[in-house]
Amino acid sequence: MLRTTNLCKIEVINTMKKLILSLFVAGLALAASAEDGHLLWLRSQPVNKAKVITKKSSPTIQIAKEELETYYNGERVTLKLDGKMPDDDGYRIDGTTITARRDVGLLYGAYALLRMQQTSALGHQPSALLESHPTYSLRLLNHWDNPNGTVERGFAGRSIFLNPDPERMKIYARANASIGINGAVLNNVNAKPEALKTESLQKAKQIADQLRPYGIKVYLSINFASPIKVGGLTTADPLNADVIRWWKDKVNEIYKMIPDFGGFLVKANSEGEPGPQDFGRTHADGANMLGKVLKPHQGIVMWRAFVYAPQSPDRANQAYLEFMPLDGQFADNVIIQIKNGPVDFQPREPYSPLFTAMKKTPMMVEFQITQEYLGAANHLVYLAPMWKEFFSFVKPASLKAMAGVANIGDDTNWCGHHFAQSNWYAFGRLAWNPDLTSEQIAEEWLAQSFDMKAAANSQLLSVMLDSREACVNYMMPLGIHHIFAGTHHYGPEPWYAPRGVRADWTPPYYHKADSIGLGFDRTMNGSANVKQYPEALCRMYNDINTCPENLLAWFHHVPWDHRMKSGRTFWDELCHKYDDGVREARHFLTVWDSMQPYVDSQRFEEVQRKLRIQARDAEWWRDACLLYFQTFSHRPIPQDMDHPVHNLDEMMKFNIPIGMYENPAQGYTK
Ligand code: GCU
């Protein structure tokens, strides 16, 4: 009896166990199929097969081992350190043996092997032997996060560093390590002085400790007036002995807490931020003082060249004018960080001429991953083609490093738009190897981010590859730039010019539309900006007949009747470009709709919603810009294209709801 009861009990317990187990498994399966984008491109399910052999152990090697043991679908992987390999973060994969000089190289090699596994179904068989070394030793994200949790030009929620949650930090660190990003500047370039207060440093230390095993160092943006604002001194003059001592003490304090601290990023004498010029000193004086203080700790200074003064007749000329006289005067641990274009992250700009002009100064490029001027988190715009365009003019080897302004926030999917994750991904991959093509990177990302049927769809790949040009077309084609609304950088307001606002913060400063034509004359007869480029480019840009048409209104005031290569007048071409952009945006939506059978429902619907906004915004851009420019051109909209469906008054009254700027998705759809 007793025995039977016990048996019964055991059976009941077993049945319950089974039930619980099956519920658990069902739960897991559900969790696995629910796709909210939170795992980014690292969505593999554990396979738990591989045995990983390694002699040395360290926190970083341990991560490499765990990643492979969990996700590698093979029997055995060997991790080997080899002191004869080049002294960098690179790795060699020979079958299933990963060799590297550094621990972090083994981690990068592990992620590369997993990436090969994930993408092999595309039909590109990975070669058995692969050796890869990074072009840049510094591959950094710049977060524009404020201490109160807001993110400047952030469209994906609040700062992930406000309360650094270990689980989130782990996904962030994994994602970065998987694409080779090895540094994070934790705070906004418009740096609050309190970033250097001891409480803030403690937080930075906490983050540094979480990121370190993944090979990621932390850096801070600093406010140049910190000696006054935090230190209570009366000056921040970089040549003043008390000021230097203050920085030394501060830097010592930082390195006590964070022994591998990377260094400082500095925005000085720009848009109202303090800098050495406030004390009669130069950028070099300021940067070198900080460089000297950081040097004993192997820290670096990234000094930004984003400078312009309100009274200048051409903002595009200014960084060159301020920095060229200082070429060769910077300390060897100072790098000048220059935005890719001479104005400000526009949908299309020529490269900043400083990159080819400065010969004796270490330089790095700053790209913007967050889409401040490219539809925020609402528009699907894959940015690799824009960055590759930059590298078609500037040799990767002429730079020391690459930085990208992050598009990351605490939204579940990190970037606000599922496809914006591809820009984070592409930035990392290009910082490792700028020779990769936009197409290779997009294919890799698609293969890892979606299931194969969607990922292998060539139309989806074309959407990504065409998206940047489409955005240029519907926002500002043919070299037009900075015609954004004054109070946000989301929609069009080419007419915005209220009295009292500085001219270079209003669109007419840039488009200069009048009865003759449209565009900024930067030729030798105008602002002479062309002269900042090498001889051959200068000649090409200076002549309206040889200037590339996609930069025509950047360099020329183009007459409305100027004959374009297509045979159309400039006005007709402009109209067609805007209309092409609208049609392309609609086409993206049509392609996406056909993906429904292959994409999980949540991501499908979220992307679909955004693509509808994008198509609508494209129409808003076309109608607002064409109807406004038409008041100058006095020419008809060509018959062979779709005509504006709104009228100008309506467009000029259109107000974006409050809240839209910080979170366009919310504001626009309400
Ligand atoms: C742009 C942007 C600002 C930012 C600045 C910079 O102007 O709109 O928010 O602070 O660039 O890069 O410093």
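Just follow the structure's listing: the first ligand is 1, and inside any ligand the first atom is 1.
- In this structure, Lys339 pairs ionically with Asp344, as a charged nitrogen and a carboxylate oxygen lie closer than 4.0 Å.
- Shown here is Lys400, whose NZ atom has no more than 12 heavy atoms of other residues, nucleotides or ligands within 6.0 Å.
- In this structure, Glu389 pairs ionically with Arg468, as a charged nitrogen and a carboxylate oxygen lie closer than 4.0 Å.
- Between Lys267 and ligand 1, an N or O atom pair is found at a separation short of 3.5 Å.
- Remark: Arg429 engages Glu444 in a salt bridge (charged side-chain N to carboxylate O under 4.0 Å, His left out) (not counting sequence neighbours).
- Under a 4.0 angstrom heavy-atom cut-off, His489 registers as being in contact with ligand 1.
- For ligand 1, the polar-atom distance check finds an N/O of Glu372 within less than 3.5 Å of one of the ligand's N/O atoms.
- With a heavy-atom cut-off of 4.0 Å, Asn190 touches ligand 1 through its side chain alone.
- Polar contact with ligand 1: present for Lys339 (N/O pair, distance under 3.5 Å).
- Contact atoms of ligand 1 toward Glu271: 4 (C), 5 (C), 7 (O), 10 (O), 13 (O) (distance under 4.0 Å to a heavy atom of the residue).
- Remark: distances from the non-hydrogen atoms of Arg304 to ligand 1 include one below 4.0 Å.
- Using a 4.0 Å cut-off between heavy atoms, Phe345 makes no contact with ligand 1 at all.
- Contacts of Asn188 with ligand 1, taken as heavy-atom pairs under 4.0 Å, are absent altogether.
- Ligand 1 places these atoms under 4.0 Å from at least one heavy atom of Asp344: 1 (C), 7 (O), 11 (O).
- Counting only N and O atoms by type, the side chains of Asn269 and His283 include no donor and acceptor under 3.5 Å apart.
- The two atoms that bring Ala156 and Cys415 nearest to each other are CB-C, 3.4 Å, heavy atoms only.
- Atom-to-atom distance recorded for Cys625:SG and Met475:CE is 9.5 Å, nearest 0.5 angstrom.
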